[in-house]
Amino acid sequence: MAVTKLFGAAIKRREDPRLITGRGNFTDHIRLPGTLVMAIKRSPHAHARIVRIDTSKARAMRGVVAVYTGQDLVDKLAPVPCAWLIPDSDLKLTPYRAVAVDKVRYVGDAVAVVVAEDRYVAQDAIEAIDVEYEVLPAVVDQEKAMESGAPQLYDEIPNNLAFHWKLHIGDFDAIWNEAEVRLSRRLINHRLIPTAMEPRGALAAYNPGSGELTIWCTSQNPHVHRLLLSAVTGLPETRIRVIATDVGGGFGSKIPMYAGEMIAAAISRDLGRPIKWIETRQENCVATIHGRDHIQYVDIAARRDGTITGVRVRAYANMGAYLSTAAPGVPTWLFGLMLQGAYAIPVIHCDVYGVLTNTTPTDAYRGAGRPEATYLLERMIDILARELGMDPAEIRRKNFIPKDRFPYTTPTGLQYDSGDYEATLNRALELVDYSTLRRQQAELRQQGRYIGIGFSTYVEVCGLAPSQAAGAMGFQGGLWESATVRVHPTGKVTVFTGSNPHGQGEETTFAQLVADELGVPFEDVEIVHGDTEMVPFGMGTYGSRSTAVGGAALVAACRKVKEKAQRIAAHLLEVAPEDLAFENGRFFVKGAPDRGMTFQEVALQAYLAWKLPRDIEPGLEATHFWDPVNNTFPFGCHICVVEVDPETGKVDFLKYVAVDDVGNVINPMIVDGQVHGGIAQGLAQAVYEYAAYDANGQLLSASLMDYAIPKASMLPVFTVDRTVTPTPVNPMGVKGAGETGTIASTPAVVNAVIDALAPFGIEHIDMPLTPERIWRAVRERSS
Amino acid sequence: MYPSTFTYYRAGSVQEALKLLVENPDAKLLAGGHSLIPAMKLRLASPSALIDISRVPELAGIRDAGDRIVIGATTRYDDIQRSELVRQVLPILPEAIDVIGDLQVRNMGTIGGSLAHADPAADLPAVVLALGAELKAVGPDGERTIPADQFFVDLFTTALQPNEILTEISFPKPPARTGISYQKFANPASGYAVVGAAAVVTLGEDGKVAAVRVGVTGAGPYAVRRQSVEQALVGQEPTAAAIEAASQLASEGMTFNSDIFASDEYRAHLTRVFVKRALTRAVERARG
Ligand SMILES: Cc1cc2nc3c(=O)[nH]c(=O)nc-3n(C[C@H](O)[C@H](O)[C@H](O)COP(=O)(O)OP(=O)(O)OC[C@H]3O[C@@H](n4cnc5c(N)ncnc54)[C@H](O)[C@@H]3O)c2cc1C
């Protein structure tokens, strides 16, 4: 692989000047003449029958154009789709109406829609709609929802059980019976609210003349949304254009097909006017998907020397009130397949129950399934280490898959592409100065001060692919990616990518790749994404796949272009293509460097076509659909150091070291940024963020006054370093860096806090480790 | 995020504001807007009219009045923080303001707005209680002075009448050998005080506590003074043990708020801890 000068360069993100000076092109910035605004009236009850809806007052208000109830939309919209139909799990789909028809099932379920001249009037009208409810008992907790006598969300789904997924590899019972050490614990991986900076929204413009629907919306995957919108509206794909140029963060929450966007599309078509709908922050909290929410029963079998011989998990995944688009795949495949983590554990036994409750639907949230698996393993291995009196670093070292065993086939059937797990551990130990820290810890304890050191040695699966695997897992789509590289007559290049970066910086990294491949200046490369009318069908940006899969498609397309350019140059220079070399953007005859043509000169000739032979088509562009042979598996070691104030339970962060291996790195500054953001989010799960419901299904943390997303002042300084183990699965050797931070950091932080509290005999506290929870644990042990 | 319709008036003087208040009984005064506007956006408040007093000249400003410092009600946090006089004489104000919200909030929010709003989790109520401030209000029947001790009466409720305007807050200058401290346990989501404790300690020549005042915010429905703590300390040598013992009384006789972040039991505990921390720091400072 040719590493030229832009690959590896810490170039500043070219999208940033636009984004940080308010010149982005977000959905809410788009203005179309004649636009009406739409607002959604949402259920205040978690579970209720709709007895009667009186919209007469709202309809009579000045400025109100239309009011719709669920019944009014039944023949205009098919139900909200679920598109990950996991096989062999007795999956039961939930009838999910965009606007509820007879029953509401969570606080935030849509009950009516107002269309008005402006947003203020729409809000007045929302309040003027009178809904009579027959309130039903609600259930919030997934274990309670499965008990007999629990409130039933659907007549046709007994015990609220949407699916039971199994993965039984090896004979766990045998391993368990002969194990020298057995540990059983119940762990909670609590519910989170993704909280992208830009809430969701849509501007749907149906043109009654042409019969075309253009919809600007907050999407991580515009083509997938076009396909799903076509399915729910009945409009052919050819008449739908989805545009999502600038999207203000997603973290998975902008993958699903949601009611709001569907309703806007249907109403625009009904009224023949552009319809804008933009969520408020509170709507975002209740009506955009949530993440995580697992209750896990874990059994670990091990030998006295610390070798783990088997893992058994029974997990209860809270799916919320309806199955969101990708939801069934998250707590099953994306969780279960990773249950061996970075360790050579031979036996894996996993049962996952997907349970419906009267809460906001859950779906993929940064990490999606992998944080749940990693947290479980990293927590349990610490508990095991303490049980055996082993050092948490050494027990990990003992269980690592050794570096000479790659590619490594896991018991769950994945093929880990490449790795050297111990190298990241060693580097992190060195950076954090481990032995000194342990000494300080002992000294400080004498003074009544409690510092703790927490590890997380993770591996994750990303660059989600290949399509065959997607099919086997019941994912209703392929997992390839596309790119078109179009060279213009001047030699400038436009790239059309099926990825849809929304904060990840691919407008920069992709341009770096192209500049290197074609030998053209970085400034000459434009990246176009997020418009289904411009870019080839793409699967979108999620699962840390855009560079590993979308970037690979791009490189493959570049190579097709270069191959053609080389043939043209060879023809014009009257040599065979293989007689040409290519360096610094110039083709030249090997051994006669003066005889050559620049890439730009070739591009011009490709378009002039005056001198092309008959077997070379004019023009210079290529498209590639890249379906990788495998996923990629980044890994690393994070170490967190905290001090806990036992008097208040408050956690202070002293150090945070992250040594990740994401393969080759195209832009270290961007990767650092991804790692920083990921750590912030994962750390926040450990100690700050918590989507709390009361027993009646009211979301108590439905605003940023109550839901604690981390601010800069609440975070430590991150020491970030890397090892580099390239992957063989794509030509660049890159893995994926979007989720590593989130996956790794949560257990590192929790392990650090629990380590700090070891002198109190505290072995576990469920997240989030709020000051009060820590204070209570300390008080319980001290008395 | 979309308030209901209201009329906006901008008052040029206190008299004009008073007149507008009489004419618009549903109206609300608008100062920095950083409590009122969010409440309106959520439609938790829907006043028919806003009377903007933020540009009334006589309501803003900081002046030295001999043995007192007087701060106008619409003086913004940022102006108080930048005042050399305040920094010298009442350093607790910048210390407390420093932990209020963020820069935008401090650029807009006013001292009078914070006190009149009486948010149970606001910071300054504890501080005015500890400093023994006096609050001046003017209404249709003229002017009156309300001691801080009598100002906070319930959740979001003060001694002000709906048709009264808080005009200024007057602080006695602390005597020599006085140390002051504000210690806050902030909610990680909102940044407001889960518990905030303000302590003002004056030591005698003998090093014993000559006078002490303690104010607590965040813990209960409204900010309160903690006289039992004060009484336990007056005349005592302020040793760690004495402070610890006195602080144990901080949670007595109070009702505590409870929410997803902190239960009433935990708030009671934090009240004792933060009163202790504020006292400890104030004593250190009093000793110089
Ligand atoms: C993001 C954010 C974070 C914040 N964090 C904190 C924090 O950490 N700690 C904290 O203490 N506060 C915090 N606040 C609140 C902030 O301090 C407010 O500015 C303050 O509470 C109200 O002052 P104001 O001037 O903005 O008042 P306004 O919002 O204008 O008014 C508040 C209320 O007081 C009444 N009022 C105002 N002035 C007078 C007057 N002179 N006479 C009679 N009535 C009057 C109004 O009618 C209204 O009912 C925060 C606010 C925001 C938006």
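No experiment lies behind these values; they were computed from the predicted model shown. Just the heavy atoms: all of them, side chains too, but no hydrogens, waters or symmetry mates, feed the values below. Order of the sequence lines sets the chain letters (A, B, ...), proteins ahead of strands, with each chain counted from 1.
Side chain of A/Lys711 to main chain of B/Gly191: no donor-acceptor pair is present (N/O by atom type, distance under 3.5 Å, no hydrogens or angles). Within the 3.5 Å criterion, the main-chain N or O of B/Phe185 finds no donor-acceptor partner in the side chain of A/Lys650.
Of the two parts of B/Pro38, neither the backbone nor the side chain holds a non-hydrogen atom closer than 4.5 Å to a non-hydrogen atom of chain A. Contact of A/Ser703 with chain B is not made at all, since no heavy-atom distance falls under 4.5 Å. For A/Pro710, no part lies under 4.5 angstrom from a heavy atom of chain B. Of the two parts of A/Asp645, only the side chain, counted from C-beta on, holds a non-hydrogen atom closer than 4.5 Å to a non-hydrogen atom of chain B. Only the backbone of A/Leu704 comes within contact range of chain B, judged by heavy atoms closer than 4.5 Å.
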Could you check B/Tyr2 against A/Asp124 for side chain to side chain contact (heavy atoms under 4.5 Å, CB included), going step by step and ending with a plain yes or no? CA-CA 9 Å; B/Tyr2 301 92; A/Asp124 292 341; over 6 Å; no
Hey, mind stepping through A/Gln123 and B/Met1 against side chain to side chain contact (heavy atoms under 4.5 Å, CB included) and telling me if it holds? CA-CA 9 Å; A/Gln123 196 63 30; B/Met1 291 292 109; over 6 Å; no
Intermediate values then yes/no, side chain to side chain contact (heavy atoms under 4.5 Å, CB included), A/Met705 and B/Leu42: CA-CA 12 Å; A/Met705 290 289 280; B/Leu42 297 171; over 6 Å; no
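Between chain B and the options A/Glu647, A/Met714, A/Arg773, heavy-atom pairs under 4.5 Å are most frequent for A/Glu647. Ranked by heavy-atom pairs shorter than 4.5 Å toward chain B, the options A/Thr770, A/Thr648, A/Asp706 are led by A/Thr648. Comparing A/Glu689, A/Glu283, A/Arg779 by heavy-atom pairs within less than 4.5 Å of chain B, the highest count is held by A/Arg779.
For residues 251-272 of chain B, the interface with chain A (any heavy-atom pair closer than 4.5 Å) comprises B/Ile260, B/Phe261, B/Ala262, B/Ser263, B/Glu265, B/Tyr266, B/His269, B/Leu270, sorted by residue number.
Between B/Pro188 and A/Tyr688, the shortest heavy-atom contact is CB-CD2, 4.0 Å.
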